[in-house]
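Structure first, commentary second.
No hydrogens, no waters, no symmetry mates; every other heavy atom, side chains included, goes into these values. Please read all numbers here as calculations on a predicted model, not as lab measurements. By convention in this document, chain letters (A, B, ...) are assigned in the order of the sequence lines, proteins followed by strands, and residues within each chain are numbered from 1.
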There are 2 protein chains.
Amino acid sequence: MNDSPRRKELTRQAAQLFVQEGFDRTTVRMLAQEMGIKSGSLFHHFRDKQEILAAVIEEGTQNALAIARETLQQCDSTPEARLHAMARAHLETLLTDRNAHVVALYEWRRLDTAARDHLSHLRDAYEALWEQVIDEALAAGLIHGDRFLVSRFVMGALNWTVRWYDPSGPRSPEDLARELVAMISSPTA
Amino acid sequence: MNDSPRRKELTRQAAQLFVQEGFDRTTVRMLAQEMGIKSGSLFHHFRDKQEILAAVIEEGTQNALAIARETLQQCDSTPEARLHAMARAHLETLLTDRNAHVVALYEWRRLDTAARDHLSHLRDAYEALWEQVIDEALAAGLIHGDRFLVSRFVMGALNWTVRWYDPSGPRSPEDLARELVAMISSPTA
DNA sequence: GTCTATATAAAGATAGAC
DNA sequence: GTCTATCTTTATATAGAC
């Protein structure tokens with residue numbers, strides 16, 4: 001539709017509800033109430049409910065991608081440090097904001113075909129960054145195994161944290177990132 | 001309600017739809033059609049839609065628990081072999097059957113409070129088996145790290161396979177289990 | 001850009017016959 | 001145990017005034 005600041009703000013609020021309730025359980029009336037408007041007004045900003053989801057997921061993936069690029073640019077040291085920085089950045093977008101990135105991961109299946117086609121290149125770009133960091137770690141002998149499987153296992157371990165992580169608990173996203181890297185690293189490297 | 005063989009069969013069919021479409025998107029009419037009956041007849045077997053979900057999740061968790069117990073009883077060798085056997089069993093219930101265990105993991109949040117209370121002990125028993133196997137591996141020096149975090153990272157890596165695994169691809173659940181154990185094992189152990 | 005009012009469709013669930 | 005028929009509620013989405 002458009003790309004106004006208003007729409008950005010509404011998208012941000014929608015993300016929060018989608019995380020809390022899930023996309024299917026979130027009604028347009030709930031969304032409108034969260035935004036402080038009536039349900040009819042919502043459709044001035046978005047064509048339909050699907051478009052809200054697409055906007056949230058686009059925002060979440062773009063943000064994660066931008067942060068990951070920045071992280072890798074700033075952290076130009078060992079493969080271990082870079083892997084740790086990526087894991088930390090990933091966890092922070094998932095666990096601290098608790099927003100659009102979570103929706104991008106957990107509600108991707110709810111996108112219609114057109115939206116998936118439009119957004120898959122963003123997701124692919126983000127995953128490509130991960131594979132690059134994994135490759136570096138493999139090449140350095142920090143970790144071992146199949147490139148494809150290691151990437152997916154690591155992403156799985158990280159993404160599943162959304163299900164059990166307690167923000168009020170003793171562990172920070174950085175703690176988790178450190179422990180994960182330690183878990184898969186060969187101590188002899 | 002009851003526990004007839006008929007109800008068991010209907011539960012099995014419901015599981016398949018819940019995996020394919022997700023619980024919220026699966027309508028009682030879809031369920032009825034899959035079962036070869038009309039939607040009104042469904043409520044002879046289940047009080048409401050929630051009860052179908054609870055039946056599926058109970059079945060999925062009980063089955064996973066039974067298989068895990070059997071696996072650990074039969075595999076009484078090294079901590080590495082036991083860890084591998086558990087991972088393999090877990091992946092097979094998720095990826096080969098593609099059924100009730102997937103629903104148990106991915107639709108748990110959709111259970112109402114009463115059902116969660118009733119089923120959480122089953123889930124806890126299953127997770128306790130995992131922690132036991134993780135503990136053995138830690139004690140043997142096969143893996144390193146925090147007991148709690150290692151368990152959750154491993155479960156995350158395994159559970160996330162549902163999202164990307166291709167049953168028609170070259171890798172078997174056993175391949176995945178082997179690679180995962182290799183990824184987290186210290187080669188010096 | 002937001003409102004009220006409402007159209008339209010689909011959902012979960014029930015009643016009573018067979 | 002299954003059917004048909006239907007009630008009731010709730011959902012997405014639209015139209016037109018302000």
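- Evaluation of the salt bridge (Lys or Arg N to Asp or Glu O under 4.0 Å) rule for A:Glu107 yields no partner, not counting sequence neighbours.
- Axis deviation across the helix from C:dG1-D:dC18 to C:dC18-D:dG1 amounts to 10°, comparing end segments of five pairs, rounded to 10 degrees.
- Scanning residues 18-42 of chain B for heavy-atom distances under 4.0 Å to DNA chain C yields B:Thr26, B:Thr27, B:Val28, B:Arg29, B:Gly40.
- B:Gln50 places a side-chain N or O within 3.5 Å of a backbone atom of B:Arg110 that can act as its donor or acceptor partner.
- The closest donor-acceptor contact from the side chain of B:Thr61 to the backbone of B:Glu58 lies at 3.5 Å or more, if one exists at all.
- Two residues, A:Ser4 and B:Lys49, neighbour DNA chain C, and the one matched to the more 5' nucleotide by heavy-atom proximity is A:Ser4.
- Protein chain B touches strand DNA chain C; the 5'-most and 3'-most nucleotides with an atom under 4.0 angstrom of its non-hydrogen atoms are C:dA11 to C:dT14.
- Here A:Tyr165 pairs with nothing under the ring-ring contact (aromatic ring centres under 6.0 Å, His included) rule; sequence neighbours left out.
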Open item on the list: As a quick check of understanding, evaluate side-chain contact (heavy atoms from CB on, under 4.5 Å) for A:Arg178 and A:Arg171, giving each step before the final call.
Closed with: CA-CA 11 Å; A:Arg178 191 175 42 252; A:Arg171 296 178 179 87; over 6 Å; no

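- Each ring pair (Phe, Tyr, Trp, His ring centres under 6.0 Å) pair with one or both residues in residues 15-39 of chain B, not counting sequence neighbours, appears once here: B:Phe18-B:Phe23.
- Sequence order on DNA chain D of the closest nucleotides to B:Leu10 and A:Asp48 puts B:Leu10 first from the 5' end.
- Seen from the ring of A:Tyr106, A:Arg163 does not count as a face-on cation partner, given the 6.0 Å and 45° thresholds.
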Task: Criterion ring pair (Phe, Tyr, Trp, His ring centres under 6.0 Å) on A:Tyr126 and A:His90, from CA distance to verdict - done: CA-CA 10 Å; A:Tyr126 184 71; A:His90 190 84; 5.7 Å; yes

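- Taking both residues in full, the closest heavy atoms of B:Ser185 and B:Ile143 are given as CA-CG2, 4.2 Å, listed atom of the first, atom of the second, then distance.
- Atom-to-atom distance recorded for A:Arg6:CZ and A:His44:NE2 is 9.5 Å, nearest 0.5 angstrom.
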